[in-house]
Amino acid sequence: MPEGHTIHRLARDLNRDLKGKCVSASSPQGRFHAGAKTIDSQQCRGFEAFGKHLVGHFGDVDVLHVHLGLIGKFRPTSGDPIGAVRLRLTGPDEERNWDLRGPMVCTVGPPDLAESVADSVGPDPLRRSGKSADFIDAMSRRRIAVGAALLDQKVVAGIGNVYRAELLFLAGISPTTPANQLSSDDVMQIWDLASAQLRQGVKLNRIVTVDPTEVGSTTVRAIPRGDRLYVYKREGDPCRRCATPIAMSEVGGRKLWHCPTCQ
DNA sequence: TCTTTATGGTGAG
DNA sequence: TCACCCTAAAGAT
């Protein structure tokens, strides 16, 4: 489930378990022997997220870079490794492991690796350094559809296919509007919504964009699966606000859902 | 139980 | 534009 919120949450959880601790690292699957050996038995100095990129600091000079891609998982487990575990990290609690499977990227490099990862993406609304001005500037330079621009990690870091659809619904913007033709109010609204929604995603460890009162719940946590989103994967279902059937199209090479009336 | 699909991104052609 | 990476939940049977 990797959009930006997942990675920021992962960094937080990994820090709670491993930051400041001596960590053992291994590659049960075998494809990351050298990298695991490099960070093995070193002190974990902390993890941080840049959009969908996870960066871990070990010892004085070693940097771990992980990108989960579409199918990667990095989860706490116990017992023998199951399946192809690329990297296993274990802290002082030897019964608890963090197992990485199916990542798109898993490398270890020198200190400037962290910098190059940070520089490879645009502003991240979940980081203090993520500035709305950079987002506004990037949007003004794109003639492509806003629905495509929001998937470009150079424009804004951390938004994926679920959030782009949901944010555009919340903002009431048609996905095919050229990014550089949006009003400055619309662009700022998208940024603020992204910031708030991703932050909630980190807190809940899941994507919930609907207002609980609109689906008969009292809290966001009580919303049943299937009622948590406004448009994503709801083709043909009635819009939660106007009952117009949700439409599906392809924008930026990926499926995008929207309400033709509300947007 | 098997098949399909996916919240991502790269690199070849 | 498409194959690929190669997990795992959801859907089909």
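Per chain, numbering begins at 1; letters A, B, ... match sequence-line order. Hydrogens, waters and symmetry mates are skipped; everything else that's a heavy atom, side chains included, is used. Values in this document were obtained by computation on a predicted structure and should not be read as measured data.
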- [ ] Return the set of residues passing side chain to side chain donor-acceptor pair (under 3.5 Å) with A/R199 (not counting sequence neighbours), or none when no residue passes.
- [x] A/S195

Open item on the list: Just to be sure I understand the rule, does A/L68 reach a base, reach only the sugar-phosphate, or reach nothing, if contact means heavy atoms closer than 4.0 Å?
Closed with: nothing

Task: Member of A/R88, A/K37, A/R86 meeting the side chain to side chain contact (heavy atoms under 4.5 Å, CB included) criterion with A/F32 - done: A/R86

Open item on the list: Could you check whether A/R127 makes a cation-pi contact with A/F50, meaning its NZ or CZ is under 6.0 Å from the centre of the six-membered ring and within 45° of the ring axis?
Closed with: yes

Task: A/R225 vs C/dA10: side-chain N/O to OP1/OP2 distance below 4.0 Å - done: yes

Task: First encountered from the 5' end of DNA chain B, between A/M104 and A/K255 - done: A/K255

Open item on the list: Can you see if the side chain of A/K52 gets near the phosphate of B/dT7 - specifically, an N or O under 4.0 Å from OP1 or OP2?
Closed with: no

- [ ] Hey, could you give me the NZ/CE distance between A/K255 and A/M248, rounded to the nearest 0.5 Å?
- [x] 4.5 Å

Any protein N or O atoms within reach of nucleotides 11-13 of chain B? Criterion: under 3.5 Å, listing atom names and distances.
none

Task: Pairwise P distance for C/dC2 and B/dT5, with rounding to whole Å - done: 16 Å

Open item on the list: It should be established whether A/R254 places a side-chain nitrogen or oxygen under 4.0 Å from OP1 or OP2 of nucleotide B/dG9.
Closed with: no

TODO: Give a yes/no answer on whether the side chain of A/K73 brings an N or O atom under 4.0 Å of OP1 or OP2 in C/dA8.
DONE: no

Task: Short side-chain N/O contact from A/H67 to OP1 or OP2 of B/dG9, under 4.0 Å - done: yes

Open item on the list: One thing to verify: whether A/R241 and A/E214 come together as a salt bridge, which I'm taking to mean a side-chain N less than 4.0 angstrom from a carboxylate O.
Closed with: yes

Task: Nucleic acid contacts of residues 158-166 of chain A, taken as heavy-atom distances under 4.0 Å to DNA chain B - done: A/G160, A/N161, A/V162

TODO: Report the residues that fulfil side chain to side chain donor-acceptor pair (under 3.5 Å) with A/S174, sequence neighbours left out, ordered by chain and then residue number.
DONE: A/T176

TODO: Figure out the CG/P separation between A/L167 and B/dT7, and round it to whole Å.
DONE: 15 Å

Task: From C/dA9, B/dA6, B/dG9, nucleotide with atom closest to A/L70 side chain - done: B/dA6

Task: Whole-Å P distance, C/dA8 and B/dT10 - done: 22 Å

TODO: Please list all pairs passing the ring pair (Phe, Tyr, Trp, His ring centres under 6.0 Å) test where one or both residues lie in residues 136-160 of chain A, with sequence neighbours left out.
DONE: none

Task: Partners meeting side chain to side chain donor-acceptor pair (under 3.5 Å) with A/H258 (sequence neighbours left out) - done: none

- [ ] Can you tell me the distance, in whole Å, between the CZ atom of A/R228 and the C1' atom of C/dA9?
- [x] 14 Å

Open item on the list: Please check if the number of heavy atoms outside A/D119 that lie under 6.0 Å from its CG is greater than 12.
Closed with: yes

Task: Euclidean distance for P, B/dT4 against C/dA3 (whole angstrom) - done: 15 Å

TODO: Using atom OH of A/Y232 as one end and atom P of C/dA10 as the other, report the distance to the nearest whole Å.
DONE: 12 Å

